[in-house]
2 protein chains.
Amino acid sequence: MAAIRTARERAREELTREIKDEARRQLGVEGAQQLSVRAVARELGMASSALYRYFPSRDDLLTALIMDAYIALAESATSAVAQAQARAQATAGGADLGQASPGRAAAGRAAAHEAAGLGARACWRAFCGAVRDWAREHPHEYALIYGTPVPGYHAPQETIELAVRLPLALLDVVRPAAGRLEAPAGRPVPPVYSTQLASIAAQYAPELPQAALARVMVAWTQLFGMISFELFGHLAGSADPADEFFAYSVEQMADFVGLPTGA
Amino acid sequence: MAAIRTARERAREELTREIKDEARRQLGVEGAQQLSVRAVARELGMASSALYRYFPSRDDLLTALIMDAYIALAESATSAVAQAQARAQATAGGADLGQASPGRAAAGRAAAHEAAGLGARACWRAFCGAVRDWAREHPHEYALIYGTPVPGYHAPQETIELAVRLPLALLDVVRPAAGRLEAPAGRPVPPVYSTQLASIAAQYAPELPQAALARVMVAWTQLFGMISFELFGHLAGSADPADEFFAYSVEQMADFVGLPTGA
DNA sequence: ACTGAAACGAGAGCACTGCTCTTGACTGCC
DNA sequence: GGCAGTCAAGAGCAGTGCTCTCGTTTCAGT
């Protein structure tokens, strides 16, 4: 689409991408704090002032990287879930969808709906594992979106719309199993939190009991506490090679949420 | 102690403290990224070069603030636990320790031992609440120790010795209830994680079953996932006033660990 | 009490940063 | 073909972390 453009527009788009690529490269080497507009321009063989025609400020460049990171992480997680979903369907016999289509995210969400929770636990594992893997492969980009926010930086609306994709993908994993959650009733939810949960449920998961949603919230925050601790070095003295700690905790949280223990 | 010192030593100590105070003030205003050696020196009416006689580099100044933050947070949590412990003992009748001694941390740890888990759940609440309160009162200092690590900064040994104080305080809360944990057996712990847990247990909590320790690890990471999400704005669309979400989740994790539901 | 050494504060200076403004060259539409 | 809009480049500003030097002050050993 839009292949008919002026040479100037195409050049601008390409250069914008090159700037982001180079900035992402520098980000991976030294972190966000050391990302320098001048260094990016230098590496690209252009004057630093020219770069300001593409990104009005350093923060805008960072914002672009943040948005890309949100997209990449959500894409990684949803495609991992889709793969797990396809595998589960294949082994379950109803293999109308070959496992050779791992790609698209939207397909994964649709498939999760259709199969009505077949292999929800496998999808849960895939989701959590994919988030952790992406975080370990792109630690600085993870830090950009889930670490300390840059000072004085207020996320624009577009950013938080991208940020919400990942929790929605997690809800997509849990929703199909909504009818078969094996969790104890639990304690009554206090009023304010109850209305907050009701608002979420109304928008995104009407069939999910409120207590289950509250448990997903706990698991959701636990996942990122765990990953952040691993990446930021807070597991040094305890669970330093964190693979088994992570896998075991993911399983514990699946139990906690009440996901059926089947394959 | 050590009141007999030269005037130079006393001046150095005092100026060191003033530098840290001013740096902490600037940290609270704009965050670690904006902390400037020159600005600190300017505010103190001295040349920036003079400040380098007290802290060899900006990172060393940050390290000092990090260590102070670890100490302050652990102090805050342990004293809150001690207060809760005292209250529980007072209401239980065995009021040999008046509730008017909230101060010292060591006293709190000792008291937690003696009472053999009386009101462990109240202590759990106090611990989690104190950590959250401190984080909300000192967001930038919290970000300093639990947010994105500064690039190229490798924590010196002294720092991680301070960092371990807080999880040990949490173990002090759980340990007295070790015999009365009401949690299901759970799944078998994989080998590597098992040895990691055994190493922790051997050092700090021999009487705690391994499964219980694994559950504490989950709760421990969940707590910081929750606090980081709140402070860093990731609860914006969901549980934005996070008070009830936090309190409810803390209670859920107490259930998860198996703490008795008594007062 | 005197002296040499260590510590100290101040200032200049280096290399770097984000960002702005001006200048001149180029592109693409009318 | 002209002309408005876009572009890259350079100079420059105010700020940064940090180093070096230069006098001064303070402490400790004799």
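So you know, we letter chains A, B, ... as the sequences are listed, proteins then strands, and number each from 1.
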Partner residues of A:Arg12 under the side chain to side chain contact (heavy atoms under 4.5 Å, CB included) criterion, sequence neighbours left out = A:Thr16, A:Tyr54
Heavy atoms under 4.0 Å, any strand shown: does B:Arg38 hit a base, just sugar-phosphate, or nothing?
-> base
Which part of the nucleic acid does A:Leu35 contact within heavy-atom distance under 4.0 Å: base, sugar-phosphate only, or nothing?
-> sugar-phosphate
Those residues that, when tested against B:Glu244, pass salt bridge (charged side-chain N to carboxylate O under 4.0 Å, His left out) (two or more places apart) = none
Under the salt bridge (charged side-chain N to carboxylate O under 4.0 Å, His left out) rule, collect the residues that match up with B:Arg25, sequence neighbours excluded.
-> B:Glu22
Which residues, if any, of residues 12-28 of chain B bring a heavy atom under 4.0 Å of DNA chain C?
-> B:Arg12, B:Leu15
Which atom pairs link the protein and nucleotides 20-27 of chain C when you take only N or O atoms and keep those under 3.5 Å?
from, atom 1, to, atom 2, distance (Å)
C:dT27, O4', A:Arg8, NH2, 3.3

Whole-Å distance separating the CD atom of A:Glu43 from the P atom of C:dT17 | 12 Å
Atom CG of A:Leu27 and atom CG of A:Asp21: how far apart are they, to the nearest 0.5 Å?
-> 12.0 Å
Residue list, side chain to side chain contact (heavy atoms under 4.5 Å, CB included) with B:Ala50, at least two apart or on another chain = B:Met46
Partners passing side-chain hydrogen bond (donor to acceptor under 3.5 Å, both in side chains) against B:Asp133 (at least two apart in sequence or in another chain) | none
Start and end of the DNA chain D segment that chain B contacts, any atom under 4.0 Å from a heavy atom = D:dT16 to D:dA28
What does A:Tyr54 touch in the nucleic acid at a heavy-atom separation under 4.0 angstrom: a base, only the sugar-phosphate, or nothing?
-> sugar-phosphate
Sorted by chain and number, sequence neighbours left out, salt bridge (charged side-chain N to carboxylate O under 4.0 Å, His left out) with A:Glu137 holds for none
Of all residues at least two apart in sequence or in a different chain, which pass the salt bridge (charged side-chain N to carboxylate O under 4.0 Å, His left out) check with B:Arg42?
-> none
List the atom pairs, donor and acceptor, that lie under 3.5 Å between side-chain atoms in residues 225-236 of chain A and the rest of the protein, sequence neighbours left out.
from, atom 1, to, atom 2, distance (Å)
A:Ser228, OG, A:Tyr142, OH, 2.9
A:Ser228, OG, A:Phe224, O, 2.9
A:Glu230, OE1, A:Arg132, NE, 2.9
A:Glu230, OE2, A:Arg132, NH2, 2.9
A:Glu230, OE2, A:Arg136, NH1, 2.6
A:His234, NE2, B:Ile145, O, 2.9

Of all the heavy-atom pairs spanning B:Arg165 and B:Ala74, show the shortest one and how long it is.
-> CB-CB, 3.9 Å
Nearest-Å distance for atom pair CG/P, residues A:Leu51 and C:dT17 | 13 Å
Hits for side chain to side chain contact (heavy atoms under 4.5 Å, CB included) against A:Ser49, two or more places apart or cross-chain, chain-then-number order -> A:Ala47
May I have the distance from A:Gln33 (atom CD) to C:dC16 (atom P), rounded to whole angstrom?
-> 18 Å
